[in-house]
Novice: 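There's a structure below that I have some questions on.
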Amino acid sequence: MTTHPDELAGLTGLFSDQERAIADSVRALTTREVEPHVADWFERGEIDDPRGLMRKLGALGLLGMHLDGYGCAGTTATEYGVACLELEACDSGLRSMVSVEGSLAMFAIWKWASEEEKQRWLPGMAAGELIGCFGLTEPDHGSDPANMRTRARRDGDDWIIDGRKMWITNGSLADVAVIWAQTDDGVRGFAVPTETAGFRANTIKHKMSLRASVTAELVLDGVRVPDSAAFPEVRGLRGPLSCLSEARYGIVWGAMGAARTALECAQRYSVEREQFGRPIGGFQLTQQKLADMTLEYTKGVLLAVHLGRLKDAGALRPEQVSLGKLNNVREAIDICRTARTILGANGISLEYPVIRHANNLESVLTYEGTVEMHTLILGQKLTGQSAFQ
Ligand code: FAD
C-alpha cells in the first residue's frame, strides 16, 4: 500500500473546490489530447496540428485565463497556477505554449496596447483562433535585453522595424508577434501582424529540450506597421519585465507539475521493479531518494500556493516571483534527475516521461530569466548591491 505525495503532505486540502475542478478539467484534456502523443511529438520534434490544439486549450478557457474581458476567463491567479501545474505535469512544451500565448503575448497586449489593438487581437487569441508570440531575446542579447539591437524608427505616420529575435516560442505559428525594439524614446513594444512584408520566422531545429514546442528565429527586415501597433504609453524595460513576471509566476507552478509526474513515476517503478529478490523501493537508498523528492516537491507546491495567494491579494512582488522560479525549477530538475536514477536504464527511454521532463526543464531553467539572473535579483534585494554589471 503506497501513499501519493500529495496525500502524504495533505496538499489537496490547500485548494478550493473550484481550484480542484480546474485541475481536473485540465488533466482530462491533457490525458485525452496530449498524453498519448507527447512522447512521439518530443521524439519527432514536431506537434501534430498545433492550431487545433490551441483551439482546444482556448475552448477550455486556458488562454489568458486570469485576464478580464475580451473573451478571457477572468480566473484567480491561483486557479491559473493550478492549470499551469497540470499542463506541465503533461509536458513543459504544452505549458510554454499556453504561457506564451496568455501570459506573454496576450498580457502584453491586454496591459499595454491601445483599445483598438486589444479588440483586434485578444478575443481571437483567447479562443485559440489566433496565436501570439513574444520577441524579446536576440541572438546577442539574452539576459541583457537593455542592449537589444532591434530598432523601430518613425517614417511619416508609420514605424519601420529592423532586427532579429531568437528562441521565440510559438514564433513560426504566430499570427501576431509582440516585438520589443529600441526607439529614440527608449524600448517600446509593438503588436506586429506576422503577415506583414519583411517579417520572417525560421523554426529552430536540433533542440534537445522542449522538443514538443515550436521555437523560432524572427527576422524583421524593414517591417512597416502603423502607429496604432505601438504600445502607446510604456517605455523602457518596464514593459517586457511586467509580462515576464506574469509568465514566471506560471512557471513557479508548472515546474512542480513536471516534478510530480517524475516523482509519481519513480514511486510506482520502485514498488514494481525487483532486484536482489525484492522491490527496489524496499532499499533504504531508494527510500531516501523518494523521501527527499517528496520533501522538495511539497515545499515547492507550498511556495507556489503562497505566491498565488499573495498575487490574488494584489501583493506579489517581482523578487518573490524570482524566489519561486529559482527554487521550483531548480528543485524540479533535481527531482527529475533523481527519478531518472530510480528507473535505471528505463529512465533514459521515452517509454517513461522522466527523461523528457528532465530535458524540458533545462530550457525552463534558462528561459524567463536564468538561475543566475534570479539569484542576482535576490542578492540585490538582500544586500542593496547590484551585481549585474
Ligand atoms: P546569456 O544571457 O548569454 O547567458 C549565458 C550564461 O551567462 C547564463 O548562465 C547566464 O545566467 C550567465 N550570465 C549572463 N549575464 C550574467 C551576469 N551578469 N552574471 C552572472 N551570470 C550571467 N525569449 C523570448 O524573448 N521569447 C520566447 O518566447 C523565448 N522562448 C524560449 C524558448 C526556449 C526553448 C529557450 C531555450 C529560450 C527561450 N527564450 C525566449 C530565450 C531565453 O529567455 C534566453 O535564452 C534567456 O534569457 C538567456 O539568454 P541567453 O540564452 O542569451 O543566455
Side-chain angles (χ1 to χ4, degrees), residues 41-42 45-47 50 88 91-108 131-150 163-174 176-181 187 189-190 192 194 201-220 237 239-248 250-251 254-255 258 322 325-326 329-330 333 356-380 385-389:
W41 295 349
F42 186 96
E46 231 173 56
I47 308 170
E88 196 149 354
D91 193 82
S92 302
L94 178 66
R95 200 268 309 136
S96 300
M97 191 182 197
V98 171
S99 287
V100 168
E101 174 86 347
S103 285
L104 289 179
M106 289 177 72
F107 181 83
I131 297 181
C133 69
F134 183 90
L136 179 64
T137 304
E138 300 187 348
D140 296 328
H141 297 282
S143 303
D144 176 25
N147 286 313
M148 68 175 69
R149 291 213 190 118
T150 300
R164 275 169 75 199
K165 296 291 176 181
M166 194 63 183
W167 299 111
I168 307 306
T169 303
N170 297 349
S172 37
L173 293 174
V176 59
V178 170
I179 297 293
W180 299 95
V187 170
F190 298 83
V192 178
T194 57
N202 305 313
T203 302
I204 296 174
K205 301 278 185 198
H206 312 300
K207 288 180 299 168
M208 295 306 289
S209 168
L210 227 63
R211 289 178 56 76
S213 170
V214 173
T215 317
E217 172 200 33
L218 308 182
V219 180
L220 295 99
L237 285 184
L241 290 181
S242 66
C243 309
L244 291 179
S245 211
E246 290 298 302
R248 289 168 180 169
I251 294 172
S322 285
K325 202 253 175 187
L326 173 58
V329 182
R330 196 164 63 184
I333 204 166
R356 176 168 52 81
H357 280 293
N359 280 10
N360 282 339
L361 287 169
E362 294 290 346
S363 290
V364 184
L365 203 63
T366 285
Y367 71 24
E368 305 281 349
T370 63
V371 169
E372 292 78 14
M373 289 302 109
H374 290 296
T375 304
L376 296 184
I377 290 168
L378 297 183
Q380 184 173 8
Q385 310 280 320
S386 168
F388 284 94
Q389 287 176 344

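Counting starts at 1 for both ligands and their atoms, following the listed order. The first residue in the sequence is number 1, and the count goes up from there. All values derive from a computational prediction rather than experimental measurement.
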Novice: Please report the shortest heavy-atom distance between L237 and A146, naming the atom on each side.
Specialist: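 The pair with the smallest heavy-atom distance is CD1-CB, 3.8 Å.
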Novice: Considering only protein heavy atoms, determine whether one is less than 4.0 Å from atom 3 (O) of ligand 1.
Specialist: no
Novice: Among E372, M166, M148, whose heavy atom sits nearest atom 9 (O) of ligand 1?
Specialist: E372
Novice: Taking only heavy atoms of E368 into account, list the atoms of ligand 1 that are under 4.0 Å away from them.
Specialist: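 Checking each atom against E368, I get 43 (O).
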Novice: With respect to E138, determine whether any N or O atom, backbone or side chain, lies less than 3.5 Å from an N or O atom of ligand 1.
Specialist: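 No, E138 has no N/O under 3.5 Å of an N/O on ligand 1.
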Novice: Counting each atom of ligand 1 from 1 as listed, which ones have a heavy atom of F134 under 4.0 Å away?
Specialist: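 The atoms of ligand 1 under 4.0 Å from a heavy atom of F134 are 24 (C), 25 (O), 26 (N), 27 (C), 28 (O).
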Novice: Checking a contact table here: which protein heavy atom is nearest atom 19 (N) of ligand 1, and how many Å away?
Specialist: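 Sorting protein heavy atoms by distance from atom 19 (N) of ligand 1 puts L376 CD1, 3.6 Å first.
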Novice: With the side chain counted from C-beta on, respond yes when R95 and I251 share a heavy-atom pair under 4.5 Å apart, and no when they do not.
Specialist: yes
Novice: For atom 45 (O) of ligand 1, find the nearest protein heavy atom and state the residue, atom name and distance (0.1 Å precision).
Specialist: T366 CG2, 3.7 Å
Novice: Mark the output for L104 as yes if a heavy-atom distance to ligand 1 is under 4.0 Å, and as no if none is.
Specialist: no
Novice: Mind checking whether T370 contacts ligand 1 via backbone (N, CA, C, O), side chain (CB onward), both or neither, at a 4.0 Å heavy-atom cut-off?
Specialist: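 Answer for T370: side chain.
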Novice: Show the nearest heavy-atom pair for residues G93 and N360, with the distance to one decimal.
Specialist: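 Scanning both residues completely, I find the closest heavy atoms to be N-ND2, 4.5 Å.
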Novice: Does atom 7 (O) of ligand 1 have any protein heavy atom closer than 4.0 Å?
Specialist: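 Under the 4.0 Å cut-off, atom 7 (O) of ligand 1 has no protein heavy-atom neighbours at all.
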Novice: Could you tell me whether some N/O pair between T215 and ligand 1 is separated by less than 3.5 angstrom?
Specialist: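 In fact, backbone or side chain, T215 has no N or O that close.
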Novice: Out of curiosity, L104 CG to E368 CD, how far, rounded to the nearest 0.5 Å?
Specialist: 5.0 Å
Novice: Tell me which protein heavy atom sits closest to atom 38 (C) of ligand 1, plus the residue, atom name and distance to 0.1 Å.
Specialist: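 So the nearest neighbour among protein heavy atoms is W167 O, 3.2 Å.
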Novice: I want to check something: taking the side chain as every heavy atom from C-beta on, are Y367 and T137 in contact at a cut-off of under 4.5 Å?
Specialist: no
Novice: Given L326, which of H374, E372, R248 fulfils the side chain to side chain contact (heavy atoms under 4.5 Å, CB included) condition?
Specialist: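 The side chain to side chain contact (heavy atoms under 4.5 Å, CB included) with L326 is passed solely by H374 among H374, E372, R248.
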Novice: Is atom CH2 of W167 surrounded by more than 12 heavy atoms (other residues, nucleotides or ligands) closer than 6.0 Å?
Specialist: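 For W167, atom CH2 is not crowded (no more than 12 foreign heavy atoms under 6.0 Å).
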Novice: Counting from 1, what ligand 1 atoms have a heavy atom of L210 closer than 4.0 Å?
Specialist: 34 (C)
Novice: Among all protein heavy atoms in this structure, tell me which lies nearest to atom 53 (O) of ligand 1, with the distance rounded to 0.1 Å.
Specialist: S143 OG, 4.3 Å
Novice: For atom 52 (O) of ligand 1, grab the closest protein heavy atom and report residue, atom and distance to one decimal in Å.
Specialist: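 Atom 52 (O) of ligand 1 sits closest to the protein heavy atom G142 CA, 3.2 Å.
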Novice: For a quick test of reading the model, state the closest non-hydrogen atom pair linking S172 to A216 and the distance between them.
Specialist: N-CB, 3.6 Å
Novice: Quick one: which ligand 1 atoms are inside 4.0 Å of a heavy atom on L136?
Specialist: 25 (O)
Novice: What are the two closest non-hydrogen atoms of F42 and M208, and how far apart are they?
Specialist: CZ-O, 4.3 Å
Novice: Give the minimum heavy-atom separation between M148 and L136, together with the two atoms involved.
Specialist: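 Between these two residues, the closest heavy atoms are CE-CD1, 3.7 Å.
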Novice: Which atoms of ligand 1 are found less than 4.0 Å from any heavy atom of S363?
Specialist: 34 (C), 36 (C)
Novice: So if I count the atoms of ligand 1 from 1 in the order they appear, which ones are less than 4.0 Å from some heavy atom of F388?
Specialist: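 Those of ligand 1 that fall under 4.0 Å from F388 are 18 (N).
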Novice: What atoms of ligand 1 come within less than 4.0 Å of a heavy atom belonging to Y367?
Specialist: 31 (C), 32 (C), 33 (C), 37 (C), 38 (C), 42 (C), 43 (O)
Novice: Please round to the nearest 0.5 Å and tell me the distance separating atom CE of M97 and atom OG1 of T169.
Specialist: 10.5 Å
Novice: Distance from M373 atom CE to L244 atom CG, nearest 0.5 Å?
Specialist: 13.0 Å
Novice: Is atom 42 (C) of ligand 1 close to the protein, meaning a heavy atom under 4.0 Å from it?
Specialist: yes
Novice: Which residue is it: R164, E138, H141? I am looking for the one with a side-chain hydrogen bond (donor to acceptor under 3.5 Å, both in side chains) to T150.
Specialist: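 Result for side-chain hydrogen bond (donor to acceptor under 3.5 Å, both in side chains) with T150: E138.
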Novice: Please examine the side chains of L361 and E88, heavy atoms only from C-beta on, and report whether any two atoms are closer than 4.5 Å.
Specialist: yes
Novice: Looking at atom 13 (N) of ligand 1, what's its closest protein heavy atom, distance included?
Specialist: M373 CE, 3.9 Å
Novice: Below 4.0 Å from any atom of ligand 1, is there a heavy atom belonging to Q389?
Specialist: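 Checking ligand 1 against Q389, which is what was asked, there is no heavy-atom contact under 4.0 Å.
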Novice: Would you mind running through ligand 1 and noting each atom that sits below 4.0 Å from a heavy atom of I168?
Specialist: 24 (C), 25 (O), 26 (N), 27 (C), 28 (O)
Novice: Could you tell me whether atom 24 (C) of ligand 1 has a protein heavy atom closer than 4.0 Å?
Specialist: yes
Novice: side-chain hydrogen bond (donor to acceptor under 3.5 Å, both in side chains) with S143: which residues, sequence neighbours excluded?
Specialist: none
Novice: Grab the two heavy atoms, one from S363 and one from L210, that are nearest each other, plus how far apart they are.
Specialist: OG-CB, 3.9 Å
Novice: What about T169: any of its N or O atoms under 3.5 Å from an N or O on ligand 1?
Specialist: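 There is such a contact, yes.
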Novice: Tell me, which protein residue and heavy-atom name are nearest atom 44 (C) of ligand 1, and how many Å apart are they?
Specialist: T137 OG1, 4.0 Å
Novice: Is at least one protein non-hydrogen atom found at under 4.0 angstrom from atom 32 (C) of ligand 1?
Specialist: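 There is a protein heavy atom less than 4.0 Å from atom 32 (C) of ligand 1.
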